[in-house]
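One structure below.
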Amino acid sequence: MKTQATVKELPACPVETTLSLIGDKWKVLILRDLLPGTKRFGELKKSIGGVSQKVLTAQLRDMEENGLVNRKVYAEVPPKVEYSLTDLGHSLKPVLDALWHWGEEYKDSLSI
């Protein structure tokens, strides 16, 4: 199992560090969908759309290992698993807000 990266293993450039953690399309969408609160796996899969179960599982595990996502398993049958953002994951909100605003401005610039 992969462990959280140490400072020596991270890229020197802060932008590259951020991209290494959330640069994947699915990770950004997972963050977007978890910002409002806790979701179950099926809810995430449905809201993201287009992502396979295998890829979503891998992305969530990677984000959990990097300290961005919490995974809570309930001892029930069928199994119940919930995902939420850690404080570190929530700290990415301004980054996602900036992406949202840029996307809005870009779309507006196309409809001149």
Side-chain angles (χ1 to χ4, degrees):
M1 183 160 113
K2 189 170 98 176
T3 57
Q4 201 168 359
T6 64
V7 174
K8 289 182 182 179
E9 296 169 335
L10 293 173
C13 173
V15 173
E16 191 176 348
T17 298
T18 305
L19 287 175
S20 73
L21 295 172
I22 65 163
D24 184 278
K25 169 185 173 181
W26 304 118
K27 288 179 181 174
V28 172
L29 297 178
I30 290 167
L31 288 168
R32 175 202 66 191
D33 287 355
L34 289 178
L35 274 171
T38 302
K39 285 200 177 2
R40 294 181 65 178
F41 184 88
E43 293 174 308
L44 283 171
K45 186 165 180 351
K46 185 177 180 179
S47 67
I48 292 171
V51 64
S52 71
Q53 182 169 330
K54 179 182 177 180
V55 170
L56 181 57
T57 298
Q59 297 297 292
L60 285 164
R61 285 185 182 155
D62 190 52
M63 293 173 76
E64 182 183 11
E65 290 169 2
N66 286 313
L68 301 175
V69 170
N70 284 318
R71 179 177 183 259
K72 185 172 182 179
V73 181
Y74 295 88
E76 297 179 4
V77 176
K80 178 181 174 183
V81 180
E82 291 182 338
Y83 295 91
S84 60
L85 293 180
T86 62
D87 289 341
L88 185 61
H90 273 288
S91 73
L92 287 162
K93 185 180 183 323
V95 175
L96 294 179
D97 288 345
L99 289 170
W100 185 87
H101 288 295
W102 188 90
E104 284 292 308
E105 289 175 9
Y106 177 75
K107 289 192 296 186
D108 289 346
S109 75
L110 295 178
S111 58
I112 293 174

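In what follows, residues are counted from 1 in the order of the sequence shown.
Using a distance-only test at 3.5 Å, with no hydrogens or angles considered, no donor-acceptor pair links the side chain of E16 to the main chain of C13. With hydrogens and angles ignored, the 3.5 Å screen pairs no side-chain donor or acceptor of D62 with any backbone N or O of A58. Panel note: side chain T86, backbone G67; a donor-acceptor pair is recorded below 3.5 Å.
The CD atom of E43 sits 8.0 Å away from the CD atom of E82 when rounded to the nearest 0.5 Å. If you take CD on E9 and OG on S20, they are separated by 11.0 Å, rounding to the nearest 0.5 Å.
Considering only heavy atoms from C-beta on, N70 stays 4.5 Å or farther from L85 through its side chain. Contact of the D24 side chain with the Q59 side chain is registered, since non-hydrogen atoms from C-beta on lie closer than 4.5 Å. Taking 4.5 Å as the limit, some side-chain heavy atom of R71 sits within range of a side-chain heavy atom of V73. The side-chain heavy atoms of Q53 and K45, taken from C-beta on, include a pair separated by under 4.5 Å. Using a 4.5 Å heavy-atom cutoff, the side chains of I30 and Y83 are not in contact.
Checked against W26 for a side-chain contact (heavy atoms from CB on, under 4.5 Å), the options I48, L60, L56 give a single hit: I48.
Using a cutoff of 4.0 Å between basic side-chain nitrogens and carboxylate oxygens, E105 and K107 are not scored as salt-bridged.
V81 and V77 fall into different hydrophobic clusters, where Ile, Leu, Val, Met, Phe, Trp and Tyr residues are linked whenever their side-chain heavy atoms come under 4.5 Å apart, directly or through other members. Cluster annotation: L68 is connected to L99 through the hydrophobic network of ILVMFWY side chains, with a link wherever side-chain heavy atoms come within less than 4.5 Å. Clustering ILVMFWY residues whenever any of their side-chain heavy atoms sit less than 4.5 angstrom apart, transitively, puts L92 in a cluster other than the one holding W100.
For L96 against R32, the heavy-atom pair with the smallest separation is CD1-N, 3.9 Å. Residues K27 and L21 approach most closely at CD-O, 3.3 Å, considering heavy atoms. The two residues S47 and D33 come nearest to each other via the heavy atoms OG-OD2, 2.5 Å. For L35 against K93, the heavy-atom pair with the smallest separation is CD2-CB, 4.0 Å.
Within a 6.0 Å sphere centred on NZ of K25, other residues, nucleotides and ligands contribute 12 heavy atoms or fewer.
In this view, Y74 satisfies the ring pair (Phe, Tyr, Trp, His ring centres under 6.0 Å) rule with no residue, not counting sequence neighbours.
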